[in-house]
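Scroll down for the structure; my scribbles are underneath it.
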Amino acid sequence: MNLRRKGYLLTVCMILSFFWIAACSQENFNTDPQKGDTEFVSADSNGDHHSRDNGYDAVGDNASSESGAGDERTVEEGDIYRVLGDNLILNLNSYRGVQVIDFSDVSRPEVIGRARISGYPVEMYVVGTQAVVLLNNYQGYWGNRHDVNVDSYYGGLVVTVDIADPQNPVIRDSARVPGWIMTSRLTRGGGKQALFVASSNWSESENQTVVRSFSVNANGQLLERSTINLGGYVADIQATPEALLVASSERHSEGYHSIVSLIDISDPDGFMVQGAGVATAGIVDNKTKMDLYKGILRVASAGTWSGSNYNHLQTWNVMDIQHPVEVDHKAFAENENLYATLFLGNKAFFVTFRQVDPFH
């Protein structure tokens with residue numbers, strides 16, 4: 001065998017070895033299943049959520065999460081449906097309440113259980129065998145045989161529904177949330193769950209952003225822990241297992257801007273500690289514009305027609321949430337609308353768009 005042929009075979013072997021090693025290092029994890037596949041391994045659910053583990057471990061005197069060794073605290077967002085085991089889906093419906101749907105036969109799904117609750121669906125969680133349901137536009141009446149007067153309540157409501165027997169869901173507890181529920185978060189850790197609900201209350205003189213917290217136990221009891229009135233109108237909230245960021249809008253002499261309030265939620269029982277709020281140069285209208293990374297609060301805000309024509313990126317050191325210290329402020333994309341924001345590690349990405357009047 002000549003040297004040229006030996007060199008060719010050696011090259012082929014090296015290439016095959018490279019692909020074999022690469023395949024082994026992947027452990028055959030395929031995050032893009034092919035058509036017809038019946039089994040695959042999903043990507044790490046935390047792979048693209050860097051802000052969930054961001055080193056935010058200095059929050060005043062409540063830095064310890066007390067979640068217990070080996071039981072890391074997590075935070076999750078609600079939805080109007082949940083996938084359960086045994087081919088069941090839990091669905092929240094405006095007119096039918098909480099429905100348990102069996103899809104064992106996907107061609108003929110069947111509602112096998114229902115808890116009658118009236119209200120506009122907001123979000124829902126599942127804690128053990130309890131469904132935690134958030135509703136708006138709830139209206140209830142109470143009275144007794146000894147008094148002709150009837151008490152009534154209209155507003156937001158949190159309800160727990162026992163779904164241990166899927167065919168016979170049972171309402172266990174409820175708690176009022178005056179106003180209009182905007183959004184919520186649920187934390188888990190150390191065998192404890194806490195629910196945080198942000199709502200807006202309108203009155204003749206002002207709007208109020210109110211955050212309420214509840215401890216949710218395995219029996220479906222809702223134990224109210226804290227209430228914080230932040231003022232303004234809530235736009236959205238962002239959360240880590242240690243902190244809650246609440247964006248609310250305010251009007252000032254030069255137009256509208258936002259206040260981002262910091263709340264310590266590291267207590268697994270749901271007790272909150274209010275920190276200071278920071279004023280942004282523009283409007284913060286969704287959660288993606290707020291991020292907490294290694295003790296640094298990073299906020300993108302959009303310009304307004306009545307105010308600045310720039311978009312803004314601001315940073316604060318919030319290791320002490322009672323005394324945030326502004327680090328830097330950059331304006332960018334003059335006369336362009338800010339459509340999307342992504343914070344990824346130590347980088348930020350923005351999508352902006354400029355619309356020009358065709359007659360200009």
Side-chain angles (χ1 to χ4, degrees), residues 50-67 73-75 182-187 189-190 192 194-201 206-215 224-252 257-284 287 289-301 312-330 343 346:
H50 296 273
S51 62
R52 296 297 176 87
D53 183 16
N54 53 20
Y56 186 80
D57 55 1
V59 196
D61 296 326
N62 299 294
S64 173
S65 65
E66 299 179 13
S67 57
R73 290 189 77 218
T74 60
V75 60
M182 303 298 291
T183 187
S184 66
R185 294 292 187 275
L186 182 81
T187 60
K192 297 181 179 180
L195 177 69
F196 303 88
V197 183
S199 64
S200 286
N201 235 333
E206 63 177 348
N207 294 328
Q208 294 180 336
T209 294
V210 178
V211 180
R212 287 181 171 81
S213 63
F214 303 88
S215 176
E224 186 167 354
R225 296 306 192 192
S226 306
T227 298
I228 296 176
N229 189 341
L230 300 173
Y233 172 81
V234 62
D236 210 340
I237 66 176
Q238 182 68 289
T240 74
E242 308 295 328
L244 195 67
L245 310 176
V246 184
S248 56
S249 300
E250 287 189 352
R251 185 181 180 89
H252 59 91
H257 72 154
S258 294
I259 300 293
V260 176
S261 300
L262 293 95
I263 300 175
D264 180 353
I265 60 170
S266 60
D267 188 324
D269 283 313
F271 290 100
M272 300 183 292
V273 176
Q274 183 177 359
V278 297
T280 63
I283 294 293
V284 180
K287 64 182 182 181
K289 294 179 180 176
M290 300 179 287
D291 186 73
L292 203 52
Y293 183 73
K294 296 183 178 180
I296 299 295
L297 172 64
R298 312 181 296 187
V299 181
S301 60
H312 305 271
L313 176 61
Q314 295 169 268
T315 56
W316 290 267
N317 185 320
V318 294
M319 296 301 284
D320 179 358
I321 64 171
Q322 304 298 338
H323 302 93
V325 177
E326 186 167 9
V327 178
D328 206 353
H329 177 189
K330 301 294 184 184
F343 290 100
N346 61 354

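All values reported here derive from a predicted model rather than from experimental measurement.
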> Of all heavy-atom pairs between D236 and K287, which one has the smallest distance, and what is that distance?
Replying inline: OD2-N, 3.2 Å
> Which heavy-atom pair separates I237 from A198 by the least distance, and what is that distance?
Replying inline: CG2-CB, 4.0 Å
>> Let's go through I263 and L230 carefully: what are the C-alpha distance in whole Å and the side-chain angles of both, what is the deciding distance for side chain to side chain contact (heavy atoms under 4.5 Å, CB included) to 0.1 Å, and is it a yes or a no?
In response: CA-CA 10 Å; I263 300 175; L230 300 173; 4.3 Å; yes
>> I'd like to check the side-chain contact (heavy atoms from CB on, under 4.5 Å) partners of S199; sequence neighbours left out, ordered by chain and number.
In response: V177, V210, R212
> Where do V211 and Q274 land on the side chain to side chain contact (heavy atoms under 4.5 Å, CB included) test, with the steps shown first?
Replying inline: CA-CA 10 Å; V211 180; Q274 183 177 359; over 6 Å; no
>> So does D291 get a backbone contact from the side chain of Q238, meaning a donor-acceptor N/O pair under 3.5 Å?
In response: no
>> Ignoring hydrogens, what is the shortest heavy-atom contact between G270 and R225? Give both atom names and the distance.
In response: O-CB, 3.7 Å
> What residues, two or more places apart in sequence or in another chain, satisfy side chain to side chain donor-acceptor pair (under 3.5 Å) together with S184?
Replying inline: E123, Y125
>> Run the side chain to side chain contact (heavy atoms under 4.5 Å, CB included) test on N317 and I296 for me, step by step, so that the C-alpha distance in whole Å, both residues' side-chain angles and the decisive distance to 0.1 Å come before the verdict.
In response: CA-CA 5 Å; N317 185 320; I296 299 295; 4.1 Å; yes
> So do S301 and H257 actually touch side chain to side chain, heavy atoms under 4.5 Å?
Replying inline: no
> F343 versus L313: any side-chain heavy-atom pair under 4.5 Å?
Replying inline: yes
>> I'd like to know if the side chain of T280 reaches the main chain of S258, judged simply by a donor and an acceptor atom lying under 3.5 Å from each other, with no hydrogens or angles considered.
In response: yes
> Atom CG in D269, atom OG in S213: separation rounded to 0.5 Å?
Replying inline: 10.0 Å
>> Go through it in stages, so that I can follow the logic: the residues are R73 and T187, the test is side-chain hydrogen bond (donor to acceptor under 3.5 Å, both in side chains), and I'd like the CA-CA distance, side-chain angles, deciding distance and then a yes or no.
In response: CA-CA 7 Å; R73 290 189 77 218; T187 60; 2.8 Å; yes
>> Measuring only between side-chain heavy atoms, which start at C-beta, is L245 closer than 4.5 Å to L262?
In response: yes
>> Using the ring pair (Phe, Tyr, Trp, His ring centres under 6.0 Å) criterion, which residues pair with H329? Sequence neighbours excluded.
In response: H312
> If you take all heavy atoms of A239 and R185, which pair is closest and at what distance?
Replying inline: CB-CG, 3.7 Å
> Is V273 close to Q322 at the side-chain level, that is, under 4.5 Å between some pair of heavy atoms?
Replying inline: yes
